[in-house]
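Model, not experiment: these values are computed from the prediction. Per chain, numbering begins at 1; letters A, B, ... match sequence-line order. Hydrogens, waters and symmetry mates play no part in the numbers below; they use all other heavy atoms, side chains included.
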Amino acid sequence: MAGVDATLLEDLTRRGLVNQATGDGELEQHLAEASRTLYCGFDPTADSLHIGSLVPLLTLKRFQAAGHKPIALVGGATGLIGDPSFKAQERSLNTPEVVAGWVEKIKQQVSAFVDFDAVENPGIVVNNLDWTKDLSVLDFLRDVGKHFSVNNMVNKESVKQRLQREGEGISFTEFAYILLQSMDFSELYKRYQCTLQIGGSDQWGNITGGVDLTRRQHRGKVFGLTLPLVTKADGTKFGKTESGTIWLDPKRTSPYAFYQFWLNTADADVYKFLRYFTFLSVDAIDALEKADAERQGRPEAQGVLAKEVTRLVHGEEGLQAAERISQALFSGGIEELSQSDLEQLRLDGLPSSELPREFTAEQSLIQLLVDAGMAPSGKQVKDALGRNAVLVNGADVGMDSNGVPAEVFAGGRAMHERFYVVRLGKKKYHLFYRSA
RNA sequence: GCAGGGGUUCCCGAGUGGCCAAAGGGAUCAGACUGUAAAUCUGACGCGCAAGCUUCGGUGGUUCGAAUCCACCCCCCUGCACCA
């Protein structure tokens, strides 16, 4: 057996990645002794994971790097039910076809973080639908249900608000979710000698359920470890921006937008995020923090964070593209961009739209920008226009230009005959062009 | 099924006949200041450039006028009953 890195848990702790663990410290020894198999589940609630899943995903990777065997479980079954943990309300069910489609997408996504070819400790991806789809209700109730105490389940913190809070209830379906997830752990223990489940802190109840079930069904000693919920210092929700959730799928969130998201991390959060989301050593991160503190002005940490995480998720190419765009837009001189630079930015994922040859009478500048997705409502564009916050190829456009888009996008004002870089506010860019 | 409580603009939450596109807070957007920060201040925040238009679970009604009153319906919560 290849050696395992016995300091893994210590490193995780230093990173602040350990929220809770079962087993009174026995886990550390368990992991230090031998290469273990562990798993983490990802339910398909959309066709892509978002950055909320990044912490567990990367943690799986950390375990593998330390010599353990990771299993990424995609919840083809659990996704059909819906995890009630700490959810304020019952969710509507998705059809089996839809969930099955999502499962495939999530499988692929997850696969990027697990090394299947490691000789000693290859990872695998499984789907819990495989061992639940043919299970009969009676078998389920007798073999699994019998091990659960409703009294116990009712006392779980994760469903408390649904049980007590006025205005919301919980269906039996969601209430039974924990049985399914617990079954997964027990099943993986049986099939792969999986002895550790990791997950977000909201998964504690489900994880301990699995630990108990494994013991009851197989007299197996298994462990659970939860990771902290990612929070921001200002109290707002992590992973959301003006334009919505940050997804891992480049079709939903371009590498550029992804990169920008991390680059905009608040100082108060950035070092914590570096520990959570990168593989840089804690010492290196501490050193960076110290250097930033000593230097006046802008810290380097955000740049490092954006670079590292974008590379992890979108690869070197995605990172290059993101950096090219960011460089071009924010480090001055858009007017110096060559025609091929502009073309490249478009390919790199800078939001862009084609302009019509002729403008109709109804087309106002405001409407054009709204249609391009630069703002959700015309009011915002109007506000920006009124404050000279709209720039076309570097020159600001006032409210009086609203009615005359043909003038704003006149051929003579184009870059290389056909490009217009429009900036709204400080950070929102959009490339308008006419086909060549 | 019965009784009681409730469904308001992204969220929380005021509003119980006109002064309501609807208080306040949060989130969000823009401006100033900055570091593409934070904090702070300013403006915006249903839709529409505007005139204006469409909202307060749904449908009808009363009224000059309804988020506010009435009727019916839908949904949620709590308790009781039913299941026994």
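- Atom CZ of A:Phe277 is separated from atom CG of A:Leu17 by 9.0 Å, given to the nearest 0.5 angstrom.
- Residue A:Pro376 is out of contact with every strand shown, counting any heavy-atom pair closer than 4.0 Å.
- Atom pair A:Lys426:NZ and B:A32:C1' shows a separation of 8 Å (rounding to whole Å applied).
- Taking only side-chain nitrogens and oxygens, A:Arg298 comes nearer than 4.0 Å to OP1 or OP2 of B:U36.
- Atom CD of A:Gln380 is separated from atom P of B:U28 by 12 Å (rounded to the nearest Å).
- Rounded to whole Å, the distance from NZ on A:Lys232 to C1' on B:G26 is 14 Å.
- Remark: A:Gln260, A:Leu263, A:Asn264, A:Ala266, A:Asp267 in residues 250-269 of chain A come within less than 4.0 Å of RNA chain B through at least one heavy atom.
- For the pair A:Leu329 CG and B:U36 P, the computed distance is 13 Å after rounding to whole Å.
- Taking atom CZ of residue A:Arg387 and atom P of nucleotide B:C41, one finds them 15 Å apart after rounding to whole Å.
- Counting to the nearest Å, the C1' atom of B:U36 and the CZ atom of A:Arg423 are 9 Å from each other.
- Checked against the 6.0 Å centroid criterion, the rings of A:Phe432 and A:Phe409 qualify as a close aromatic pair.
- With rounding to whole Å, A:Leu424 atom CG is found 14 Å from B:C49 atom P.
- The phosphate of B:U28 has neither OP1 nor OP2 within less than 4.0 Å of any side-chain N or O from A:Lys427.
- With a cut-off of 3.5 Å on both Watson-Crick or G-U wobble distances, the partner of B:U59 is given as B:A71.
- A centroid separation of less than 6.0 Å is found between the aromatic rings of A:Phe238 and A:Phe273.
- Geometrically, A:Arg413 does not engage A:Tyr420 in a cation-pi contact, judged by NZ or CZ lying under 6.0 Å from the ring centre and within 45° of the ring axis.
- A:Lys382 has no side-chain polar atom (N or O) that falls below the 4.0 Å cut-off from OP1 or OP2 of B:G48.
- Scanning both residues, A:Val114 and A:Ala72, for their nearest heavy atoms gives CG2-CB, 4.3 Å.
- Atom CD in A:Gln327 sits roughly 13 Å away from atom C1' in B:U36 (whole-Å rounding).
- Checking B:G79 for Watson-Crick or G-U wobble geometry (two distances, each under 3.5 Å) identifies B:C2 as its partner.
- For the 3.5 Å distance criterion, the side chains of A:His430 and A:Ser353 qualify, holding a donor opposite an acceptor.
- Comparing B:G25 with B:A44, their P atoms are spaced 13 Å from each other, to the whole Å.
- Within a 6.0 Å radius of NZ in A:Lys307, no more than 12 heavy atoms belonging to other residues, nucleotides or ligands are found.
- Rounded to the nearest Å, the gap between the C1' atom of B:C2 and that of B:C47 is 44 Å.
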